[in-house]
Amino acid sequence: MGFYGDRKLTAEEAKRLRETDIGPPHYSNFLHPVIKKNYGKWKEHEILSPGVMVHTAESGDKIWSVRVQTCRLIATDTVREVCDIVDKYCGGYVRWTSRNNIEFLVSDEKNLEPLQKELKEKGYMIGGMGPRISNMVHTQGWVHCHGAATDASGIVKAVMDEVADYITTKELPAKLRLALACCPNMCGAVHCSDIAVVAIHTKVPPVDHDRLGKICEIPTVIASCPTKAISPDPAKKSVKIKDERCMYCGNCFTVCPAIDIKDPYRDGLAIVIGGKVNCLRTPTKFSRLVIPYISNEPPRWPKVVAAVKHIIELYAKNARKHERLGEWIDRIGWERFFKLSGIEFTYQAIDDFTFMRETLRNQSTFKW
Amino acid sequence: MGFYGDRKLTAEEAKRLRETDIGPPHYSNFLHPVIKKNYGKWKEHEILSPGVMVHTAESGDKIWSVRVQTCRLIATDTVREVCDIVDKYCGGYVRWTSRNNIEFLVSDEKNLEPLQKELKEKGYMIGGMGPRISNMVHTQGWVHCHGAATDASGIVKAVMDEVADYITTKELPAKLRLALACCPNMCGAVHCSDIAVVAIHTKVPPVDHDRLGKICEIPTVIASCPTKAISPDPAKKSVKIKDERCMYCGNCFTVCPAIDIKDPYRDGLAIVIGGKVNCLRTPTKFSRLVIPYISNEPPRWPKVVAAVKHIIELYAKNARKHERLGEWIDRIGWERFFKLSGIEFTYQAIDDFTFMRETLRNQSTFKW
Amino acid sequence: MKKYETPLLDELEKGPFPSFVKEIKKAAAKNEMANDELGQLEYSFKTKRGYWKHGGIVGVLGYGGGVIGRYSDLPHMFPNVEFFHTVRVNQPSGWFYTTEVLRELADICDKYGSGIMNMHGSTGDLVFLGTTTENLELIFAELTSKEKPAHLRFDLGGSGSAMRTPSCCVGQARCEWANYDTMEACHQITQEFQDELHRPAFNYKFKFKFAGCACDCCASIARSDCSVIGTWKGPILIDQDAVKWHEKKGMDISREIVKMCPTECISYDGKELKINNDECNRCMHCISKMHHALKPSGERGATICIGNKAPIVIGTIISHVIIPFMKMEPPFTEFKELARKMWDWWDENSHPRERIGEVIEFKGMRSFLEAIGVEPIPQMIKEPRRDPFFFFTEGDIERFKKREEEEKKTGKFIF
Amino acid sequence: MKKYETPLLDELEKGPFPSFVKEIKKAAAKNEMANDELGQLEYSFKTKRGYWKHGGIVGVLGYGGGVIGRYSDLPHMFPNVEFFHTVRVNQPSGWFYTTEVLRELADICDKYGSGIMNMHGSTGDLVFLGTTTENLELIFAELTSKEKPAHLRFDLGGSGSAMRTPSCCVGQARCEWANYDTMEACHQITQEFQDELHRPAFNYKFKFKFAGCACDCCASIARSDCSVIGTWKGPILIDQDAVKWHEKKGMDISREIVKMCPTECISYDGKELKINNDECNRCMHCISKMHHALKPSGERGATICIGNKAPIVIGTIISHVIIPFMKMEPPFTEFKELARKMWDWWDENSHPRERIGEVIEFKGMRSFLEAIGVEPIPQMIKEPRRDPFFFFTEGDIERFKKREEEEKKTGKFIF
Ligand code: SRM
Ligand code: SRM
Ligand code: SRM
Ligand code: SRM
Ligand code: SF4
Ligand code: SF4
Ligand code: SF4
Ligand code: SF4
Ligand code: SF4
Ligand code: SF4
Ligand code: SF4
Ligand code: SF4
């Protein structure tokens, strides 16, 4: 039970008790004793199963981590349920990962099996370590964001259900990072993922001229447009958008609520692939566009799911060990990928923005 | 002796005889009989020595080509001297190469040695085939161009004297293509050469305001500037140049004679390296800046020559067989090249123009 | 409480992966806000459209950020989410928690909010998903309350044109490869710049992420304006017995390690693995795959990369190397100074809504490097400039000329 | 004739490489223009500055190009180069000559010009270096004279905002690798577009270069708006005995060939060389280095790449693949049509001084491809787009939606 229990603070209390600029509590308050003791003195690790690894310190101490996938959006009662398990097996110490998974920290090997058993019984999904899929980074979607061209959690759930085997058991050539952003603002930092779903708007946003002049700064609106599609409309004290220059990024909408970017019929999903964050072997890679448009189909977005699955299986079959999806495609060539995958090559896949000169083929060599 | 001999045409004759749009004569008029016979039916070739190769046709016929370096700028009397030799050994058939060399075409093997002997005696330089240096592509320079920041032929002569061994005898890991452009217009297409010298202006050009309004179109002048350094100066009916935005490309000067880009003290030379045209192994590569500035030092530009030599020798010592200069450096990394070469790394080498995002190091991996 | 039919969302209760619908329903069972969130979400699924208004500016006294204002477009249908702001709670470094502290946070979220959290937001915060305007002050007070013991007192994270909540990989807490203490760095930087975090005074957002090595387990290079990536200076130590162990375990050393080394600096003759450390670019491939046999040694520190941002307006930028090697030891004085110098330059040279990476593109690297007092070195670039025009200062040319004069005296060229 | 002291230039008579100073002096010995050129050049060397004025518009009747007007800045010092225009003479394909024709050209150059030529200009022309305005018509008449036999009649090359003199590699005349007849293509295109060559009607220059294979011996990809590069569709034929021959001659096949193949599609076990032709990108490395053992086979044609230009204004562009494979056979009808379609589009979409490559960047590839009637295919790109915004036409979306409806019927997705 929390410090103040069920009791809500009064406004006066709040004023009196509040303190600004204290920052987060120091992490050392929350470190498992074995971790605290061996902090900075780890020697090696071993991945024991798809969701369990052990780290061994120079001292010989060991800490086991059991990773459980979450859907990120979590009810407080689930947090409490997790806490109960953590108390039971982990001495009250737990962490979340950078991909929104839970890591149960176990210092007593004896607890390892019972913990896993209980987790499984309670329906938790253990996995995501090693050359597998781990949680799909994502954003707010219709759950909370104003600009979302799709729901985030919904697609993630549908995709992850489909690829569950690759989380909990099956291996891939290397780690495969999935992500989703619900608009091109890319809060999910989707641009360097092995496979990502990006929700896109596809219609030139209508402008509410009456409101615009009143609630938005015209120069800001004009400056917001990457393609200079927006110009002043002095007559209307508003702006006009040149249809053929707008590529629906929604940035004008972000800076000005009188512009409406959302369109239920036209909003949809694009699939971008072949990105990677780290610099192992090859430098950081961007995710690149392969499927420009799939209609929004809640509740389970079957085509998006099938597309992701299709690409994963192609990768699993063809890549070399340790080769990330993008490394594989960059090695065999994108023309070969399109052929192997049967994915239609579209105008949209040809860059006409910042990276155009770099991504066109300035060489007479390619595969048929 | 030419068709009209010494006689000049009169203006009336000229009017009567001239014909427009006839285009060049058909090349078949000029083909060596062996070439004509075996046109399109060549089987293989062999480079016999640094300046001699033989092509064998499916028919078994052979044609030997003896390549002689030229300085491109050629006196008519030299052309006639060449003609005499060609008549003697090549049945009157000769060609020039895409790098401004002469190829003496020999169908009778017996002529091969005497031809070479005579060429050598007359001071011709035979060579440039195989993994060597061949002629240095260049431009007009002070000989003829208005914008030249240096002389072209002069530097070329000085450099080529220095690397002569690599033309006539010594091998390199692969072909090494040298080039020179006397201003950033790059008429020598210097941007894809193994090593190139680019003459640069380095001073913001003064504007002759009185003339500008009269002889230049102001919008054209403004549009000519890559960095948007030029804006109208309505008071003077001219333009003004924002000093800190000008990178001295000279394009404003190209479109407007009232702008004076040339400056004897400041004009100089930059060295760019690692380009290649063809797509063997690796795609076409740009030449990239390693030395941003060397003063103009006619008549023999000793520092330019030394810099080129220095880089060639480093390459000769370190690259793998068949590896072009740029392939070698891209393999070992530019940071390693700068270290090996001892060349100072300057602000100028960091792109701040179109290719900036692409050429910065977006990865945490590099060599010390 | 109103009972919403959710036939569409119900479809997402099926399947093996944890279901966010179950989570929302769990919260909805006892929370009106969560219940209306459920209803509105079902309506979004049905109509394929989001129903949130543009966020207005709401927050807590004295702060300019930490809260994202949200209002339903359909308050008549879903009155309990008419106000549905998120509160960003600054997570502890490395997302380590005790159950005590988790329960504390869960209680606060229940009491004043929807009972739904995001663990965690993409930037790193622990997010309370949905609360009303009037509850904001109460949440803040209860989070920070002076009455509570230090380890239970949380502060808000960042939003708006401010420094954003820094985050980091687990680092030395549980990883043998961490070249510096990512968690401590993250903590100290967060504490040092509380003002920059809470009171948006920049022209746009600025993010820090701290990764202990090139594996970059917090995606710093792709998700932060300032990416601090651990590295080392020294040879990779090789345990030849362990090499054999990996081989025995089925590793094809030639294919998996030798051939995949980007710098071709590993060789293996079936007996001994050799690394030409001079040519290694410390990519971590061999070390991570042969983790029992290889490990870094020598001096430790980090490479500082700057400039990453999301695609709008000029296309995605990945952070680029600015400082190849910086010692990263508490109190991180050099690093903090660097941050201040960067911000000063950024501030002076940017318009609103321009991230630092964009400004570096607009102004050129030289302006930035000179401002932060860093000399140009080739590690900053993948390759030098391709086009033949570039700026010189008067001083540059004079320096070159002076050097040439000296060369004339010594007879030796300096390139 | 005035005698100039040329102490600086004299330094360039030394050394093994052919001396242009000797050439100028040779001409100067009997030509006043050449003599003043020598004098002015020495003055340039002394003062480190060029002395040529901006070219005025000069030329021959009915043409808008072929001549570069040049005037000395110092006519008082060097009166014979007060007018010193160059005349670009369109070379024969492949720069093949007979001595007869060379003497004809040399005589004309002597009679009306400075007696100095450039063999050849960077674009390909044979250039008469320096003549007066009044001699231009005479030169033109003598070059083209109807009285002369066809093979002695030359025309001018291009200059200004026109199609420029096309050029080509030696191709099938003396190279076993030429995948199409570069010389004939060059000739026919030059003849077809005489109007476009002589009468500048474009918004800027447009260059063609024809190379027979990926070796690109005329630097087409880096020096022409339209680069036509020969290639083939078919396996590389292997003569295993010749493979051995190369090995015996000292070739390290594994290092020099197998390891250097960019697509890793060659293997060699010491006995047999194998090529996985499906994965070969026809780069020519193996073929050119093992030239006795390997040769292309099957259908022949060319890859058409578009867009190269020099760096000013937006940075260098290298031509990019537009048509992966086009049959290139006389009369090159398809190619000529392509050229016309490209020019039409370019014309409609450009401002003055914008090369086609720049306009493709400004307008996007789709506009260009649609205008020339070419479908997008992945061979056109190295990699697909990185940023998540892109244009759709109404038709695109409808097409995608229609397909999805069909998928619903068939139960099979088409990606
Ligand atoms: C727990 C976590 C750090 C944290 O602070 O939370 C973590 C932990 C480890 N990472 Fe990581 N990585 C974590 C996110 C990442 C990320 C970031 C991301 O996914 O957004 C990356 C970059 C991904 C990318 O490049 O796109 C990442 C790229 C790696 C790599 C490089 C893999 C590769 O070859 O491409 C390794 C090395 C390896 O696996 O051999 C690695 C290795 C490891 C090791 C083995 C490090 C160690 O010695 O403990 C840990 C277990 C790996 C595993 O799960 O297989 N970790 N790792 C993160 C777990 C996320 C999750 O819940 O699944
Ligand atoms: C004569 C000429 C064509 C012409 O129409 O005039 C020619 C002729 C040949 N080239 Fe070339 N190349 C000629 C300019 C070029 C150019 C263009 C240039 O330099 O501006 C290139 C592109 C250079 C670049 O990439 O920067 C060029 C790149 C090649 C290559 C690729 C070399 C490489 O591995 O990078 C080969 C293949 C080889 O050498 O193995 C080649 C091969 C050949 C062969 C062997 C072709 C053959 O079977 O006949 C010829 C003799 C090569 C030699 O000299 O070693 N040729 N060759 C040109 C001679 C120029 C000269 O006077 O030196
Ligand atoms: C909550 C969160 C997504 C999530 O579900 O996790 C989020 C949500 C929003 N982001 Fe974000 N961003 C979040 C991480 C990111 C990231 C990833 C990261 O930080 O690692 C990025 C990409 C990296 C970057 O910063 O470039 C990101 C790039 C953006 C952008 C584009 C910025 C740009 O420079 O282009 C915007 C647009 C803006 O700022 O106006 C944006 C704007 C927004 C706004 C505030 C939209 C708005 O204008 O109101 C979203 C509020 C949603 C809501 O209803 O709560 N968000 N945003 C993440 C913050 C949670 C946290 O504090 O932990
Ligand atoms: C003569 C020649 C250089 C040489 O010494 O060989 C030449 C000389 C000139 N070039 Fe060039 N260019 C010559 C080949 C090139 C090439 C290379 C090529 O064609 O392979 C290029 C680079 C490729 C390209 O086209 O992009 C080239 C790119 C330029 C440019 C920049 C064009 C651009 O798009 O950025 C200019 C500037 C202009 O057009 O205003 C230019 C302008 C000029 C002018 C006309 C300068 C002027 O404004 O008066 C030069 C006249 C010099 C003179 O006094 O004769 N020249 N020019 C070449 C033509 C000879 C011939 O017809 O064979
Ligand atoms: S990606 Fe776009 S829609 Fe999704 S949370 Fe971020 S700003 Fe909102
Ligand atoms: S949606 Fe994007 S591209 Fe379209 S007008 Fe708005 S800002 Fe410009
Ligand atoms: S490179 Fe510049 S100076 Fe040299 S010939 Fe071309 S336009 Fe003239
Ligand atoms: S020299 Fe180039 S950069 Fe400078 S003002 Fe002229 S056009 Fe602009
Ligand atoms: S980034 Fe490196 S130090 Fe940090 S957790 Fe990952 S592997 Fe360990
Ligand atoms: S860390 Fe990377 S570059 Fe260094 S030896 Fe290992 S694989 Fe090679
Ligand atoms: S480009 Fe190819 S076909 Fe033409 S000469 Fe060179 S090698 Fe021969
Ligand atoms: S042509 Fe190039 S890609 Fe094809 S097999 Fe030979 S080396 Fe490999």
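Owing to the predicted nature of the structure, the values given are computational and were not obtained by experimental measurement. Each chain gets a letter, A, B and so on, in the order the sequences are listed, and its residues count up from 1.
Both the backbone and the side chain of C:R49 come within contact range of chain A, with heavy atoms under 4.5 Å apart. Residue A:M136 does not touch chain C at all, counting heavy-atom pairs closer than 4.5 Å. Interface remark: A:V79 contributes side-chain atoms only to the contact with chain C (heavy atom separation under 4.5 Å). Contacts of A:E327 with chain C are absent, with no heavy-atom separation under 4.5 Å from either backbone or side chain. Residue contact with chain C, scored on non-hydrogen atoms closer than 4.5 Å, is absent for A:S28. With a 4.5 angstrom heavy-atom cutoff, A:K43 touches chain C only via backbone atoms. In this structure, chain C has a heavy atom under 4.5 Å from the side chain of A:F286, while its backbone stays farther away. In this structure, chain C has heavy atoms under 4.5 Å from both the backbone and the side chain of A:C145. With a 4.5 angstrom heavy-atom cutoff, A:T150 does not touch chain C via any of its atoms. With a 4.5 Å cut-off on non-hydrogen atoms, A:E12 does not touch chain C at all. In this structure, no portion of A:N101 lies under 4.5 Å from any heavy atom of chain C. Heavy-atom distances place the side chain of C:N308, and not its backbone, under 4.5 Å from chain A. Of the atoms belonging to A:M125, it is side-chain heavy atoms, and not backbone ones, that fall under 4.5 Å from chain C. Residue contact with chain C, scored on non-hydrogen atoms closer than 4.5 Å, involves the side chain of A:C192 exclusively. With a 4.5 Å cut-off on non-hydrogen atoms, C:Q91 touches chain A through its backbone but not through its side chain.
Interface summary for chain A: among C:K295, C:E142, C:M284, C:E137, the most heavy-atom pairs under 4.5 angstrom belong to C:E142. Most heavy-atom pairs under 4.5 Å with chain A, from the set C:M117, C:H198, C:K26: that is C:M117. Note on C:A150, C:G115, C:P92: by heavy-atom pairs under 4.5 Å with chain A, the leading option is C:G115. Here A:D84 is the residue among A:D263, A:D84, A:I167 with the most heavy-atom pairs under 4.5 Å with chain C. Your options are A:V255, A:D151, A:V190, and the one with the most heavy-atom pairs under 4.5 Å with chain C is A:D151. The residue among A:E162, A:K8, A:Q69, A:M186 with the most heavy atom pairs within less than 4.5 Å of chain C is A:K8. Heavy-atom pairs under 4.5 Å with chain A peak, among C:D110, C:I221, C:L8, C:T190, at C:D110. Among C:H187, C:R199, C:R353, C:K289, the residue with the largest count of heavy-atom pairs under 4.5 Å with chain A is C:H187. Of all the listed residues (C:C218, C:P352, C:A27, C:A219), the one sharing the greatest number of non-hydrogen pairs under 4.5 Å with chain A is C:A219.
Side chain of C:K48 to backbone of A:N296: a donor-acceptor contact under 3.5 angstrom is found. The backbone N or O of A:H45 sits less than 3.5 Å from a side-chain atom of C:H291, completing a donor-acceptor pair. A donor-acceptor distance shorter than 3.5 angstrom exists from the side chain of C:H54 to the backbone of A:F253, with no hydrogens or angles considered. The main-chain N or O of C:H120 is found under 3.5 Å from a side-chain atom of A:N100 such that the two form a donor-acceptor pair. C:Q194 contributes a side-chain N or O that, together with a main-chain N or O of A:G23, makes up a donor-acceptor pair within less than 3.5 Å. A:W142 places no side-chain N or O within donor-acceptor distance of the main-chain N or O of C:Y51, the cut-off being under 3.5 Å. No donor-acceptor pair closer than 3.5 Å links the side chain of C:W95 to the backbone N or O of A:S98. Although no hydrogens or angles enter the test, the distance criterion places a donor-acceptor pair under 3.5 Å between the side chain of A:H144 and the main chain of C:F84. Judged by distance alone, the side chain of C:N90 and the main-chain N or O of A:P24 form no donor-acceptor pair under 3.5 Å. Formation of a donor-acceptor pair under 3.5 Å by the C:D216 side chain with backbone atoms of A:N278 is not found in this model.
Between A:E19 and C:K148 there is no salt bridge, since no side-chain N of the basic residue sits under 4.0 Å from a carboxylate O of the acidic one.
A:W42 approaches C:A173 most closely through the heavy-atom pair NE1-O, 2.8 Å. In terms of heavy atoms, A:R18 sits closest to C:K146 at O-CE, 3.3 Å. When every heavy atom of C:I312 is checked against every heavy atom of A:N185, the shortest pair comes out as CD1-OD1, 3.5 Å.
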Report, one line per pair, each donor and acceptor closer than 3.5 Å where one atom sits in a side chain of residues 14-24 of chain C; sequence neighbours left out.
{"unit_1": "C:K14", "atom_1": "NZ", "unit_2": "C:E11", "atom_2": "OE1", "d": "2.9"}
{"unit_1": "C:K14", "atom_1": "NZ", "unit_2": "C:E11", "atom_2": "OE2", "d": "2.9"}
{"unit_1": "C:S19", "atom_1": "OG", "unit_2": "C:L12", "atom_2": "O", "d": "2.7"}
{"unit_1": "C:S19", "atom_1": "OG", "unit_2": "C:V21", "atom_2": "N", "d": "3.1"}
{"unit_1": "C:S19", "atom_1": "OG", "unit_2": "C:K22", "atom_2": "N", "d": "3.1"}
{"unit_1": "C:E23", "atom_1": "OE1", "unit_2": "A:A75", "atom_2": "N", "d": "2.7"}
{"unit_1": "C:E23", "atom_1": "OE1", "unit_2": "A:T78", "atom_2": "OG1", "d": "2.6"}
{"unit_1": "C:E23", "atom_1": "OE2", "unit_2": "A:T78", "atom_2": "OG1", "d": "3.2"}

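The side-chain heavy atoms of C:R174 and A:R95, taken from C-beta on, include a pair separated by under 4.5 Å.
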